[in-house]
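Excluded from the calculations below are hydrogen atoms, water molecules and symmetry mates; all remaining heavy atoms, backbone and side chain alike, are included. If you read the sequence from its start, that first residue is 1, and numbering goes on from there.
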Amino acid sequence: MGYLLFVTLIQAFSFSLIGEYLAGHVDSYFAVLVRVLLAGLVFIPLTRWRRVAPAFMRGMLLIGALQFGITYVCLYLSFRVLTVPEVLLFTILTPLHVTLIEDALNRRFNPWGLLAALVAVAGAVVIRYDSVNPDFFMGFLLLQLANFTYAAGQVLYKHLVARYPSDEPHYRRFGYFYLGALLVVLPAFLLFGKAHYLPDAPLQWAVLLFLGLVSTALGMYWWNKGACLVTGATLAVMNNLHVPVGLLINLLIWNQHEDLGRLLLGGLVILGACLLYTSDAADDSLRV
């Protein structure tokens, strides 16, 4: 639990750093690429390359591609059309994705998930009812893809470590994660990156260093390690703890004029969507 709590604080602060200092100023693909490269420089030299099951390596490459590569490309793109508080609130749905993926792996189907998704969309509309447009919905959908891939990486990592136990410490087998992320992020930057939107201020480089070495290197490692030490229900709950902490930080420091009424009402609706699916009522699932 300690690992998850510490990373929660890092995540909560990181959202505001991205939204306030990088979004709209630094190319999204470049920012994600720098984060992966910096984290890789930390973990790849520590990685064990021999006596590691090939299936485990392939699994870690997939997890890195999902949990960081796709997730953070979508996350950074969403900042182009959403505010930091909106991004934070829309990540509330991550536990819903965690539960859906766990149900799929356990061959369960739950119709409550469809209703929960509709309620979540309604909550998003409440937050931006006066300016709902295609760009807003695109940002919302990008975040849901990010939520899904982030959740999938956590669940798969927990299952992969359990299936391939090792006496080696976790960090000795975690470098593959960043290689998997690089397989997504590098082609994305080469295809869609804009070289004229690179950092041009020391503060932007400092933010990228923090996000790469702390949020990405230590944060992703500690989060996945912590996920292996708690139950699925606890993991789902911990996925949302960064939201109130991140909102508090952002609203107190950067967005003091945000419409708190709409944020609160819409956030409660979205939170209700999660509770609708993960509550006791959802135990009436059907086997497929």
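The two residues A146 and T149 come nearest to each other via the heavy atoms O-OG1, 3.2 Å. The nearest pair of heavy atoms linking I44 to G175 is CG1-O, 4.1 Å. Counting all heavy atoms, side chain and backbone alike, A39 lies closest to T216 at CB-CG2, 3.6 Å. For the residue pair V207 and L17, the shortest heavy atom distance occurs at CG1-CB, 4.0 Å. Closest heavy-atom contact between L145 and C74: CD2-SG, 3.5 Å. Heavy-atom minimum distance, A227 versus L4: N-CD2, 3.9 Å.
Each of Y178, F210, Y72 was checked for a side chain to side chain contact (heavy atoms under 4.5 Å, CB included) with R35, and the lone residue meeting it is Y72. Screening L22, V34, V26 for a side chain to side chain contact (heavy atoms under 4.5 Å, CB included) with P199, the sole residue that qualifies is V26.
Aromatic rings from Y176 and W49 are positioned such that their centres are separated by under 6.0 Å.
Taking CG from L182 and CG from L37, the interatomic distance works out to 6.0 Å, rounded to the nearest 0.5 Å. Taking CZ from F15 and CD1 from I10, the interatomic distance works out to 13.0 Å, rounded to the nearest 0.5 Å. Annotation: the span from L75 atom CG to I70 atom CD1 amounts to 13.5 Å, rounded to 0.5 Å. Interatomic distance, D167 CG to R51 CZ, rounded to the nearest 0.5 Å: 11.0 Å. In this structure, I18 CD1 and S28 OG are separated by 9.5 Å, a value rounded to the nearest 0.5 Å. Rounded to the nearest 0.5 Å, atoms CG (L33) and CG (L38) are 9.5 Å apart.
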Decide side chain to side chain contact (heavy atoms under 4.5 Å, CB included) for Q67 and M220; before the verdict, give the C-alpha distance in whole Å, the side-chain angles of both, and the deciding distance to 0.1 Å. CA-CA 9 Å; Q67 192 179 351; M220 297 303 293; 3.6 Å; yes
Please step through side chain to side chain contact (heavy atoms under 4.5 Å, CB included) for the pair T47 and L179, ending with a clear verdict. CA-CA 11 Å; T47 300; L179 289 177; over 6 Å; no
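A tilted orientation is assigned to the rings of Y221 and F43, their planes being inclined by 30° to 60°. Ring geometry for Y157 against F174 counts as perpendicular: the plane angle is over 60°, on a 0 to 90° scale with 30° as the lower cut. By the 30° and 60° cut-offs, the orientation of the rings of F30 relative to F189 is tilted.
Note on L61 and L41: separate hydrophobic clusters, where clusters join Ile, Leu, Val, Met, Phe, Trp and Tyr whose side-chain heavy atoms are under 4.5 Å apart, directly or indirectly.
With sequence neighbours left out, the side-chain hydrogen bond (donor to acceptor under 3.5 Å, both in side chains) criterion links Y29 to no other residue. Partners of Y76 under the ring-ring contact (aromatic ring centres under 6.0 Å, His included) rule, at least two apart in sequence or in another chain, do not exist in this structure.
At least one donor-acceptor pair under 3.5 Å links the side chain of R172 to the backbone N or O of L46. Between the side chain of S78 and the backbone N or O of L142 there is no donor-acceptor pair closer than 3.5 Å. No side-chain donor-acceptor contact under 3.5 Å links D27 to the backbone of Y197.
Residue R163 qualifies as open at atom CZ: its count of foreign heavy atoms under 6.0 Å is 12 or below.
Annotation: side chain of F68 is not in contact with side chain of I63 (no heavy-atom distance under 4.5 Å).
Look at R48 and E168 and you find a salt bridge, because one of the NZ, NE, NH1 or NH2 atoms lies within 4.0 Å of a carboxylate O, short of that distance.
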